[in-house]
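Working notes, beginning with the structure itself.
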Number of protein chains: 2
Amino acid sequence: MSLPHILLGLIAEPMSGYAIKQEFDTKLGHFWFAELSQLYPALKKLEADGLAESTAGPSSKGPPKKLYRRTDAGREELLRWLASEPGVLPIRHPYLAQVFFLGASKNPASTLAFFRELKQRLVATVQRLNAVEAGWASEDPRYPDELPEDEFYVQMTLTAGLAVHTAYCAWCDDCIARIQRRFSLA
Amino acid sequence: MSLPHILLGLIAEPMSGYAIKQEFDTKLGHFWFAELSQLYPALKKLEADGLAESTAGPSSKGPPKKLYRRTDAGREELLRWLASEPGVLPIRHPYLAQVFFLGASKNPASTLAFFRELKQRLVATVQRLNAVEAGWASEDPRYPDELPEDEFYVQMTLTAGLAVHTAYCAWCDDCIARIQRRFSLA
DNA sequence: GTTATCTATATAAGTATTTATATAGTAATA
DNA sequence: TATTACTATATAAATACTTATATAGATAAC
């Protein structure tokens with residue numbers, strides 16, 4: 001169960017649920033997904049468990065913010081998680097599950113379309129991550145190995161996202177070529 | 001929601017819940033995880049929805065098997081899923097989430113241990129997948145491009161697993177080297 | 001000036017998943 | 001013959017997650 005720990009990691013400084021959602025959709029987006037409606041009760045539970053505390057904050061737009069910050073107990077719980085085993089489960093990759101059964105469709109043309117659509121999405125992700133990296137590198141001359149320690153590890157997850165999505169892109173190209181060859185398609 | 005569709009994919013021929021769990025732990029293990037206690041109600045629901053039907057089968061050991069097989073309606077639902085968009089969400093990679101916050105630990109030695117432990121697990125997965133591939137290639141001279149169509153796509157998921165886990169291994173090595181350099185650790 | 005968009009929090013209902021537990025037969029092991 | 005291990009199904013309870021919906025202020029577009 002990683003979500004509460006991820007939240008504890010994020011709220012080193014006071015943050016609103018809404019701001020946290022934006023972090024998920026940008027910085028954490030290539031390895032974690034969460035709905036906003038999932039974050040509010042999760043934050044509330046951290047507070048109930050004494051791992052976080054909240055303060056009201058002013059908002060430039062809209063209703064007042066509720067800012068959460070981790071307590072010392074919350075920081076300890078975070079450290080426990082970081083010192084525990086690397087979490088490898090559960091793995092769930094919907095599109096690979098689809099590929100696994102693609103033979104049932106008996107329709108090479110639509111299968112090819114599936115892979116092309118997938119490739120497009122993967123390329124878009126690689127491009128987005130590349131842009132993030134380029135921006136970061138141009139803003140901070142310490143990039144990547146002289147970055148402050150916390151950013152040093154954040155940067156590693158960016159590298160991981162790039163490496164893996166690039167590998168998936170190459171795999172996708174290979175699948176497309178093999179399907180074209182096998183079924184004489186263009 | 002992919003699980004019901006994966007089950008529909010698997011039960012082209014009659015299969016018991018227990019046998020399905022073994023498929024998850026072997027063939028599908030590198031891209032999907034499911035608990036046995038999740039499979040039984042999921043199969044029951046497919047039957048209730050008219051997408052599968054069950055028959056009692058004899059068992060060599062233990063209580064009688066309950067064999068599920070998809071109906072025509074189930075096959076149609078499977079095809080609908082295969083023709084839909086490639087599923088890219090939700091993504092959840094627990095160990096990358098841990099890496100993201102590793103800076104909070106302020107303990108390069110334990111961080112290094114984390115990556116070494118992770119590397120070990122990744123290598124074990126790559127070795128397992130390599131062994132599967134080697135066995136398959138030696139058993140069937142049609143491997144990989146002349147395989148029957150359904151196995152052709154199954155093989156692609158194996159290729160994906162190998163490509164991605166190999167990329168993660170290289171990334172892990174890189175992270176280890178960077179941490180060693182930065183903190184003068186061996 | 002009305003609509004759309006963005007900020008911001010929240011809850012209800014439904015679905016999915018995990019953990020714990022129960023049952024029971026067979027076979028090998030100690 | 002007692003224990004362990006494997007096959008096999010199943011459910012209850014708890015937790016996690018998704019989808020739909022509600023509220024409301026501020027700003028920008030039309």
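By convention in this document, chain letters (A, B, ...) are assigned in the order of the sequence lines, proteins followed by strands, and residues within each chain are numbered from 1.
- Between B:Asp173 and B:Lys119, at least one side-chain nitrogen of the basic residue sits less than 4.0 Å from a carboxylate oxygen of the acidic one, meeting the salt-bridge criterion.
- Checking D:dA10, C:dC6, D:dT7 against every side-chain atom of B:Gln22, the shortest atom distance belongs to D:dT7.
- Atom CZ of B:Phe24 and atom C1' of C:dT17 are 13 Å apart (whole Å).
- Within residues 81-95 of chain A, the residues approached by DNA chain C to less than 4.0 Å at the level of any non-hydrogen atom are A:Pro90, A:Arg92, in residue-number order.
- By the 6.0 Å contact criterion, CD on B:Glu146 is open, its count of non-hydrogen atoms from other residues, nucleotides or ligands being 12 or less.
- With rounding to whole Å, A:Tyr18 atom OH is found 18 Å from D:dA24 atom P.
- A search for salt bridge (Lys or Arg N to Asp or Glu O under 4.0 Å) contacts involving A:Asp72 returns nothing, not counting sequence neighbours.
- Residues from residues 25-46 of chain A lying near DNA chain C, meaning a heavy-atom separation below 4.0 Å, are A:Leu36, A:Ser37, A:Tyr40, A:Lys44 in numerical order.
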Sequence neighbours excluded and cut-off under 3.5 Å, please list the side-chain donor-acceptor pairs for residues 86-100 of chain B, or say none.
residue : atom : partner  : partner atom : Å
B:Arg92 : NE   : A:Phe33  : O            : 3.2
B:Arg92 : NH2  : A:Phe33  : O            : 3.2
B:His93 : ND1  : B:Tyr168 : OH           : 3.2
B:Gln98 : OE1  : A:Gly87  : N            : 2.9
B:Gln98 : NE2  : A:Trp81  : O            : 3.1
B:Gln98 : NE2  : A:Glu85  : O            : 3.2

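- B:Ile6 places its CD1 atom 14 Å from the C1' atom of C:dT17, with the value rounded to the nearest Å.
- When the options A:Leu7, A:Ile11, A:Leu10 are evaluated for a side chain to side chain contact (heavy atoms under 4.5 Å, CB included) with A:Arg70, the one that passes is A:Ile11.
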Begin with the C-alpha distance, continue with both residues' side-chain angles, and end with the deciding distance and a verdict on side-chain contact (heavy atoms from CB on, under 4.5 Å) for A:Glu151 and A:Asp140. CA-CA 11 Å; A:Glu151 294 179 35; A:Asp140 195 331; 4.3 Å; yes
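- Sorted by first and then second residue, the salt bridge (charged side-chain N to carboxylate O under 4.0 Å, His left out) pairs involving residues 27-44 of chain B (not counting sequence neighbours) are B:Glu23-B:Lys27.
- Between A:Arg80 and A:Glu76 there is no salt bridge, since no side-chain nitrogen of the basic residue lies less than 4.0 Å from a carboxylate oxygen of the acidic one.
- Comparing A:Pro4 and B:Lys66, the nucleotide of DNA chain D nearest to each residue sits closer to the 5' end for B:Lys66.
- Among C:dT7, D:dC17, D:dT7, the nucleotide with an atom closest to any side-chain atom of A:Leu3 is D:dC17.
- Applying the ring pair (Phe, Tyr, Trp, His ring centres under 6.0 Å) test to residues at least two apart or on different chains, the pairs with a partner in residues 121-146 of chain A are A:Trp136-A:Tyr143.
- In terms of phosphate contacts, A:Ser16 brings a side-chain nitrogen or oxygen within less than 4.0 Å of OP1 or OP2 of C:dT9.
- A:Met15 places its CE atom 14 Å from the C1' atom of C:dT7, with the value rounded to the nearest Å.
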